[in-house]
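Let me begin by presenting the structure, written as structure tokens, before commenting on it.
Naming: A, B, ... by sequence-line order, numbering from 1 per chain. Worth saying up front: this structure is predicted, and the values here are computed from it rather than measured.
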Number of protein chains: 2
Amino acid sequence: MSGPTPRSPVPRRPRRHDPGRRDRLIDAALTVIAERGVAGTTHREIARAADVPLGSMTYHFASLDEVLAEAFTRHADSVARVFDERLSAARDRDAAIEAVITLVSDDLLGARQDLVLSVELYVAAARNPALRTVTQAWMARSRQALERHFDATTARELDALIEGLVLHSALSTDPMTPEQIRHAICRHLR
Amino acid sequence: MSGPTPRSPVPRRPRRHDPGRRDRLIDAALTVIAERGVAGTTHREIARAADVPLGSMTYHFASLDEVLAEAFTRHADSVARVFDERLSAARDRDAAIEAVITLVSDDLLGARQDLVLSVELYVAAARNPALRTVTQAWMARSRQALERHFDATTARELDALIEGLVLHSALSTDPMTPEQIRHAICRHLR
DNA sequence: ACACCATACGTACAAGCGTACACATCTCAT
DNA sequence: ATGAGATGTGTACGCTTGTACGTATGGTGT
């Protein structure tokens, strides 16, 4: 019997009021970037990941570039914050060295998603001026954190070494072990 | 009558027989990747850069992925060859160190295009298995070249350091000077 | 209670994409 | 010289994309 349909036959999207949706969209964007790369990141893909309609994207963001910029800013901030915390907690140079080793071994190499995000940001920044600003602010901040314990030259070299170790490990078939990371860093600072 | 048109009224593309076109297309692809990034690399863009009709792309390559793979293979080969040459010419460890410094300062940081291409390859490889093979072969080859003069551990660390220095310099507002490069490398090998 | 308006939604559209394919033209073994 | 096969060309098609926009809805100040 074609009785009265007590529930709508096609389950219409129920949620209307959704404060903080913009934030969720930025998070969803980061997920999509990590999974599909910047090239595979589209309005539709982000909307799907956040389970919101397509129209919601154009309401909250003026363009796709704006989404990317906000997403990468959030990513850079969160990585930089960990950097700051770990290093400002170190009381002396030796503790700082340990902090750096932990940082690379656990925080950077451990979080596969963050790692991919960083490399994606690097190349996106090469083409997009807005993102280059984000990258440079991030680099400046991490270098500054290192300069709490090391002189400027050492800080810069260490920053580059870390970058190389992380990237190298990320793409290699056999990632470097924590012991190898420790060896490389201690050798440079010795 | 519509008299005999001695020359085609619209200046048709004149060149037909063009051996080696495939090679030129791969070179054009590298140019486009360097200028617009992998994301901005399309059949049409490559064809335009090489000044050939669109149809030529599908004749010479089965897919766009095939073009990318061939292009990156060529790029990796040419960089690796320079690596090999420079290092095999070095007679002792000191000469090898000088070779590495020259390599980074001049060959890698000097050629802005190659540098961008390398980073593009890194992220493309993160997503495309065929390209990951290319990257890994390249890394293995450069590490092997370093192992002519340094032990395995040092070679790997040096490889990572180089990667970091290059990437860091590429994205920074103030690129590292040759003296700074020399300092960083010598410090690690000291 | 009620009107306002920020927010949410669905859909449409032009542009650009990869690819396919029929047809034109050239080279070369015979 | 000539036919066959390799190579080159132009165009069309189906699809996805970013973005725009008219309409619906519900929280909030009054």
Side-chain angles (χ1 to χ4, degrees), chain A residues 7-29 32-33 35-72 120 124 127-128 130-131, chain B residues 4-29 32-33 35-72 124 127-128 130-131:
Chain A
R7 308 242 171 177
S8 53
V10 173
R12 290 280 169 173
R13 207 177 288 273
R15 85 187 70 83
R16 295 286 314 215
H17 181 52
D18 182 8
R21 168 175 292 195
R22 197 171 190 278
D23 271 354
R24 287 201 305 113
L25 286 178
I26 295 175
D27 283 337
V32 173
I33 294 170
E35 278 177 3
R36 320 251 187 195
V38 170
T41 300
T42 66
H43 276 140
R44 287 168 177 81
E45 207 67 41
I46 297 170
R48 200 172 305 137
D51 191 33
V52 302
L54 173 62
S56 198
M57 294 301 298
T58 51
Y59 175 74
H60 286 286
F61 305 95
S63 72
L64 190 56
D65 269 354
E66 185 179 315
V67 188
L68 291 180
E70 298 241 19
F72 277 125
E120 289 284 347
R127 222 74 58 180
N128 184 330
L131 296 182
Chain B
T5 52
R7 307 247 170 172
S8 52
V10 174
R12 292 277 170 175
R13 208 177 287 273
R15 84 188 70 85
R16 295 287 313 215
H17 180 53
D18 182 8
R21 168 174 294 195
R22 199 170 190 280
D23 270 354
R24 288 200 306 112
L25 287 178
I26 294 175
D27 283 337
V32 173
I33 294 170
E35 279 177 2
R36 319 249 188 196
V38 170
T41 299
T42 66
H43 277 139
R44 286 167 177 83
E45 207 68 40
I46 298 170
R48 199 172 305 139
D51 190 33
V52 301
L54 172 62
S56 197
M57 294 301 300
T58 49
Y59 175 73
H60 286 287
F61 304 95
S63 72
L64 189 57
D65 270 353
E66 185 179 314
V67 189
L68 291 179
E70 299 241 17
F72 278 126
R127 223 74 58 179
N128 184 330
L131 296 182

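Side-chain nitrogen and oxygen atoms of A/R21 include at least one within less than 4.0 Å of the OP1 or OP2 phosphate oxygen of C/dC9.
Contact record, A/I46 with A/V67: CD1-CG1, 3.9 Å, taken as the closest heavy-atom pair.
Under the side chain to side chain contact (heavy atoms under 4.5 Å, CB included) criterion, A/T58 pairs with no residue at all, not counting sequence neighbours. Qualifying side chain to side chain contact (heavy atoms under 4.5 Å, CB included) partners for B/A39, counting only residues two or more places apart in sequence or in other chains: A/A39. Qualifying salt bridge (Lys or Arg N to Asp or Glu O under 4.0 Å) partners for A/E70, counting only residues two or more places apart in sequence or in other chains: A/R22. Under the side chain to side chain contact (heavy atoms under 4.5 Å, CB included) criterion, A/A69 pairs with A/L131, not counting sequence neighbours. Looking at residues two or more places apart in sequence or on another chain, you find a side-chain hydrogen bond (donor to acceptor under 3.5 Å, both in side chains) between B/S56 and B/R21. Applying the side chain to side chain contact (heavy atoms under 4.5 Å, CB included) criterion to B/A71, with sequence neighbours excluded, gives B/I26, B/A29, B/L30, B/I33. Listed by chain and residue number, B/R74 satisfy the salt bridge (Lys or Arg N to Asp or Glu O under 4.0 Å) test with B/D23 (two or more places apart in sequence, or in another chain).
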What's touching nucleotides 4-7 of chain C from the protein side, N or O pairs under 3.5 Å?
| from | atom 1 | to | atom 2 | distance (Å) |
| --- | --- | --- | --- | --- |
| C/dT7 | OP2 | A/Y59 | OH | 2.8 |
| C/dT7 | O5' | A/Y59 | OH | 3.0 |

With 3.5 Å as the limit, what N/O pairs link the protein to nucleotides 15-19 of chain D?
| from | atom 1 | to | atom 2 | distance (Å) |
| --- | --- | --- | --- | --- |
| D/dG18 | OP2 | A/H43 | N | 3.1 |
| D/dG18 | N7 | A/R44 | NH1 | 2.8 |
| D/dG18 | O6 | A/R44 | NH2 | 2.9 |
| D/dT19 | OP2 | A/L64 | N | 3.0 |

